[in-house]
Structures are given as structure tokens and as C-alpha cells.
Amino acid sequence: MKGSSRHRRHFDGSRLITIISVAMVLLVMGITVILGIGTHQAGRLVRSNVGFVAVVNPSFGQKSLDSVRTALNNAPYVSEITTRTAEEVLKRWEELMGPEELIDINPFLPEYDVTVKPEWAKPDSLRKIAAELDRISCVDHIQLQADIAAEINHSVSSVFLLLLMVGIALLIISVVLISNTVKLQIHSQRFIIHTQQYVGATARYIVAPYVRRAALNGLLAAIIAAAALTALVFYAGAIDPVVPHIISGWAVAVTVAFIVIVGVVLCALTAHIAAMKYIHRSYDEIFN
């Protein structure tokens, strides 16, 4: 009885350690996923403020200027248009740089400050737009924000690549951890397994309890990780009001569902592979 009680305590302790270890891995994996979603959303928010300024020459007449405005209103890439007269442009310049007493005349021209939709905030797309607008006679020149768009896209791609590498590393760690845990459990019950094989039990019958136990462990670990992740997101949102705009409730729900699915499927699948591989060993390999 003492031996059985000691074995049960050892098994429960081993199972608890496994659940906590998998929960920590799933938590970091969930943080990686939600950071990826947040990075995408943050990049989209930043790109939503990227665009160009179309400077027009009023000497062509109001009708020509209105044609530019009409073309921009009908363009599929436009998100928002701000029209500024030459006086408004000068006023903004003086607010930014200070009043210039030496200027007797207004050197600035009217302009259309255009913000493009996020999917158009790419250097190639912006250059294509500028080339089309340059064909309009009253357009003096186009001030592009192509460098900003390129920097944003490069930064988002770099972050995604880093998060992908972290995710792959965590996946490998999870597989190794679960596999080793299942192998230890099977090894501790190798006499029972050999007896089951001796009386004709199939491999599926022997492996099934380990797979169910691993799936349950994965579910418990996922619940712990999901609760911790949700608490972290709400805490971050309480500290910084920008966080809810970047990481929405939808993003948290998707990440939690991802954690639960990965936790259960990964644990069950890894346990099945490890158990099948172990029980197909020879008698000498099992007991030596």
C-alpha cells in the first residue's frame, strides 16, 4: 500500500509539473500569437495615416482644381482628403517653423492632403498613384510618403519573422516536453504494458489511456494559459489605453481558441506518437 501511495503521489506530482510546464509554453505561445495580431493591427493603424500631398497650381482656374478633387473623390485608394488653401498652408508652416517676417508674399500653393487606405500604403502603389496624378495639368507636384510606408512594411515583416521563429521554437519545446513525459509514464508502467501485450491487447487499446490523459492535461494547461493571457491583456489595457485599440477582444478570443486547440491536439498527438513508438520496442529494449 505504501509503495502504491508513493507511486500515486509521484505520478500526480509528475502530472502537475507537466501541466504547469505545458501551460507556460502555451502562455508564451499565446503571447507570441497575440503580439503578432497586435503588430498587424498597429501596422494597419499606422498605414492608415500614410498618404501623399498633391500640390496644385491655382493659375489653371478653379475648374481644373475641382477636377482634381473629383478625381480623388472617385479614386478607390482614398481614405480621407483634406483641402488646404495657400493661406492655410502658410499658417501651418508658421505654426511649425515660426513666423517668417522676411516673406512679403505667400510662396505656397493650395494642396490636397490625401490619406490612402491601408492596403494602398505601399511604396509601389504610392508611386503609381503619383504617376497618374502627375498627368493632370494643374498638379504642380506630389509629395509622397513612400519612405515611411516602406519603413512600416519592413518593420512589420521583421516582427512577424521574429515571432514565427519564436513560435517554431516553442512548438519544438512543447513536442519534446510532452514526448519525454509520456515516455517516462510508459516506462514506469512497462510491466503492465508487457502483460497487456502478452494477453493479446492491441496497441490502440494500450495507447488510448495515455492519449486521453495527455489530451486532458493539454486542456487543463490551455485553460491555465488562457486565463493568464487574458489577465495580462486586461492588465496591459488598464495601464495603457492604447492597448485595447491594438489588441481587441476578438484578438483575445481567437488567441484563446488557438491555445486550447493547440494544447489538446498537440498533447494528444505527441502522446500517441511517443506511446506507439515505445510499445513497439522489443522485450529487451523495454526492460533494459
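Nothing fancy with the numbering, it's 1 onward along the sequence.
Within the model, atoms CG of L27 and CG of L232 stand 6.0 Å from one another, a figure rounded to the nearest 0.5 Å. Taking CG from L26 and OG1 from T255, the interatomic distance works out to 12.5 Å, rounded to the nearest 0.5 Å. Taken from CG in L219 to CD1 in I261, the straight-line distance is 11.5 Å, to the nearest 0.5 Å. Annotation: the span from I129 atom CD1 to D124 atom CG amounts to 11.0 Å, rounded to 0.5 Å. A distance of 8.5 Å separates CD of E80 from CG of D113, quoted to the nearest 0.5 Å. Note: L35 CG to L162 CG = 10.0 Å, rounded to the nearest 0.5 Å.
Residues P58 and L109 are in side-chain contact: their nearest non-hydrogen atoms beyond the backbone lie under 4.5 Å apart. Looking at V22 and N217, their side chains never come closer than 4.5 Å, going by heavy atoms from C-beta outward. Taking the side chain as every heavy atom from C-beta outward, V207 and H272 approach each other to under 4.5 Å. Taking the side chain as every heavy atom from C-beta outward, V252 and L229 never approach each other to under 4.5 Å. Residues W120 and S79 form no side-chain contact, since every pair of their non-hydrogen atoms from C-beta on lies 4.5 Å or further apart.
Nearest heavy atom pair, residue V68 against residue C138, reads CG2-SG, 3.2 Å. Taking each heavy atom of G218 and C267 in turn, the nearest pair found is CA-SG, 3.5 Å. Looking at every heavy atom in both residues, R84 comes nearest to E88 through CA-OE1, 3.1 Å. A pairwise comparison of heavy atoms in V256 and A226 identifies CG1-CB, 3.8 Å as the closest pair. When all heavy atoms of V78 and I81 are compared, the pair lying nearest together is CG1-CG1, 3.4 Å. The two residues A271 and A214 make their nearest non-hydrogen contact at CB-CB, 3.3 Å.
Tracing side-chain contacts under 4.5 Å through hydrophobic residues (I, L, V, M, F, W, Y), one reaches I37 starting from V262; they form part of the same cluster. At a threshold of 4.5 Å between side-chain heavy atoms, the hydrophobic network of Ile, Leu, Val, Met, Phe, Trp and Tyr places V55 and L72 in two separate groups. Clustering ILVMFWY residues whenever any of their side-chain heavy atoms sit less than 4.5 angstrom apart, transitively, puts L266 in a cluster other than the one holding I273. Linking Ile, Leu, Val, Met, Phe, Trp and Tyr residues whenever their side-chain heavy atoms come within less than 4.5 Å leaves L269 and Y210 in two separate clusters. Cluster membership for V53 and L126, using ILVMFWY side-chain heavy atoms within less than 4.5 angstrom, is not shared.
Checked options I142, V114, V56; the residue passing with L133 is I142 (criterion: side chain to side chain contact (heavy atoms under 4.5 Å, CB included)).
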